[in-house]
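Report on the structure given below.
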Protein chains: 2
Amino acid sequence: MTTERTDATALADSIRHAGLRVTEPRVAVLGVLENESHIEAERVFRAVLPLVPGTSVQAVHGILAAFTQAGLVRRIEPAHSPALYERRVGDNHHHVVCTGCGAVEDVDCTVGHSPCLTPSSSGGFQIQTAEVTFWGLCPACQAAVPA
Amino acid sequence: MTTERTDATALADSIRHAGLRVTEPRVAVLGVLENESHIEAERVFRAVLPLVPGTSVQAVHGILAAFTQAGLVRRIEPAHSPALYERRVGDNHHHVVCTGCGAVEDVDCTVGHSPCLTPSSSGGFQIQTAEVTFWGLCPACQAAVPA
DNA sequence: GGGCTTGTTTTGAATAACTCAAAATAACTG
DNA sequence: CAGTTATTTTGAGTTATTCAAAACAAGCCC
């Protein structure tokens, strides 16, 4: 077996193909993002540190910013939460955030993209994208706070 | 004429009816929010300071938090922006944010509330609200960056 | 395969936007 | 008007992130 999680080579290729130089911390960061979705910079840092000792939080922020700009990852910023990064990219999917514990899950747009992308009065704005965030209770929190 | 902008008495009444004590800084803050929509705490502070000298930024944050909790104002947190407060409340309307200058405008939900409130796979979440943010270029920025 | 150029990361500091807490103060209740 | 309790001031602290200079290392060239 040459594949442990997502082969480091595959990660390196993604990075290279995005036009970025391949470095140890970058491979590690991308690896973390493959395994965990909707993760914040601080947690990425803590996951990367043991893999690549000496990595700094600032580097992680820089890497995540570079990845985001290169389209390798997507950055979302739900209210009351630090920025979260996810590997799933290229499809404009949406998110549900638990009002209890902050857990985040992906949500596919119900109705194609049309309804969301056509506000009734756009006030002259030239709309590019629509971002939908659903707020509600996750299963675990529903159980914790019955009714 | 007894009405200058929104009568201070009317503002005081709103505050009292929300179950809060009426104080000078609170009336001033609410007054600012009546005149300007989608305004950030810092700017509220700068607008209130000359009206009620001695007001602190922390007080403004506290007031805005109290107002938000009491349902007097709504707080939104678009990505890449500090929290914004608006007086329009009680109807779940949405927002367009200009990707150029950050200007924010209200947008009424196109299709009632249904489509937005019914994600295809809610992953077991008990959805309470849906928040939609449109991103695009405002008229001014369209003019600035032709084609 | 060693040097070079340029992109990355480290190191160290700074910032923005809030939040927390204790003491002073002022609204409403009676 | 006095008392109780909510609010605000004052002062400090935090979180999440950004900036900048110097050290470092990838990938290209020969």
Side-chain angles (χ1 to χ4, degrees), chain A residues 8-9 11-30 32 38-49 51-70 72-73 75-85 102 104, chain B residues 8-9 11-30 32 38-70 72-73 75-85 102:
Chain A
T9 310
L11 296 174
D13 283 350
S14 305
I15 296 172
R16 212 187 319 274
H17 289 151
L20 296 171
R21 286 196 184 166
V22 176
T23 67
E24 264 209 277
R26 283 185 175 176
V27 172
V29 166
L30 197 55
V32 169
H38 313 119
I39 178 171
E40 56 202 69
E42 179 65 30
R43 286 186 52 218
V44 172
F45 168 66
R46 285 207 296 270
V48 165
L49 195 50
L51 304 177
V52 187
T55 306
S56 66
V57 209
Q58 293 91 319
V60 171
H61 276 287
I63 291 168
L64 290 170
F67 282 2
T68 303
Q69 177 154 340
L72 273 180
V73 309
R75 173 190 171 117
I76 60 173
E77 297 182 43
H80 313 119
S81 159
L84 302 176
Y85 298 86
V104 177
Chain B
T9 310
L11 295 174
D13 283 349
S14 305
I15 295 171
R16 211 185 321 274
H17 289 152
L20 296 171
R21 285 194 185 168
V22 176
T23 68
E24 263 209 279
R26 283 185 173 175
V27 174
V29 166
L30 198 56
V32 168
H38 314 118
I39 180 172
E40 56 201 71
E42 178 64 29
R43 286 186 52 218
V44 172
F45 168 66
R46 285 208 297 270
V48 165
L49 194 50
L51 304 176
V52 187
T55 306
S56 66
V57 207
Q58 293 91 319
V60 172
H61 277 289
I63 291 168
L64 290 170
F67 281 2
T68 303
Q69 178 154 337
L72 273 181
V73 307
R75 173 191 172 118
I76 60 173
E77 297 182 43
H80 314 117
S81 160
L84 301 177
Y85 297 86

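All values below come from the heavy atoms of this structure, side chains included, with hydrogens, waters and symmetry mates left out. In what follows, chains carry the letters A, B, and so on, assigned in the order in which the sequence lines appear, proteins first and then strands, with residues in each chain numbered from 1.
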How far apart are the closest heavy atoms of A:L20 and A:A70, and which atoms are they?
CD1-CB, 4.0 Å

Would you grab the first and last nucleotide of DNA chain C (5' to 3') that comes under 4.0 Å of any non-hydrogen atom in chain B?
C:dA17 to C:dC28

At under 4.0 Å between heavy atoms, what does B:R75 touch on the DNA or RNA strands: base, sugar-phosphate, or nothing?
sugar-phosphate

So do B:F67 and B:V29 actually touch side chain to side chain, heavy atoms under 4.5 Å?
yes

To the nearest 10°, let me know how far the axis at one end of the helix from C:dG1-D:dC30 to C:dG30-D:dC1 is tilted from the axis at the other, five pairs an end.
40°

Output for pair (B:I15 CD1, B:T23 OG1), nearest 0.5 Å, gives 6.5 Å

Name of the residue among A:V48, A:V52, A:T55 meeting side-chain contact (heavy atoms from CB on, under 4.5 Å) with A:E24
A:V52

Find the distance between CZ (B:R43) and OH (B:Y85) and round it off to the nearest 0.5 Å.
14.0 Å

For DNA chain D, which nucleotides open and close the run of contacts to chain A, 5' to 3', at under 4.0 angstrom from a non-hydrogen atom?
D:dA16 to D:dG27

Within residues 51-60 of chain A: residues closer than 4.0 Å to DNA chain D (heavy atoms):
A:Q58

For A:L51 versus A:A28, what's the shortest heavy-atom pair and its separation?
CD1-CB, 4.4 Å

Set of residues satisfying side-chain hydrogen bond (donor to acceptor under 3.5 Å, both in side chains) with respect to A:E42, sequence neighbours excluded
A:R46

Please report the closest heavy-atom contact between B:V22 and B:R16, naming both atoms and the distance.
CG2-NH1, 3.6 Å

Tightest non-hydrogen contact, residues B:L72 and B:S14, listed as CD2-O, 3.8 Å

Please work out if A:A66 contacts a base, only the sugar-phosphate, or nothing of the nucleic acid, heavy-atom cut-off 4.0 Å.
nothing

Hey, can you pull the residues of residues 13-25 of chain A with a non-hydrogen atom under 4.0 angstrom from DNA chain D?
A:R16, A:R21, A:V22

Closest heavy-atom contact between A:P78 and A:P82?
CD-O, 4.4 Å

How would you label the contact of A:A65 with the nucleic acid (heavy atoms, under 4.0 Å): base, sugar-phosphate, or nothing?
nothing

How about B:L64 and B:R75: do any of their side-chain heavy atoms sit closer than 4.5 Å?
no

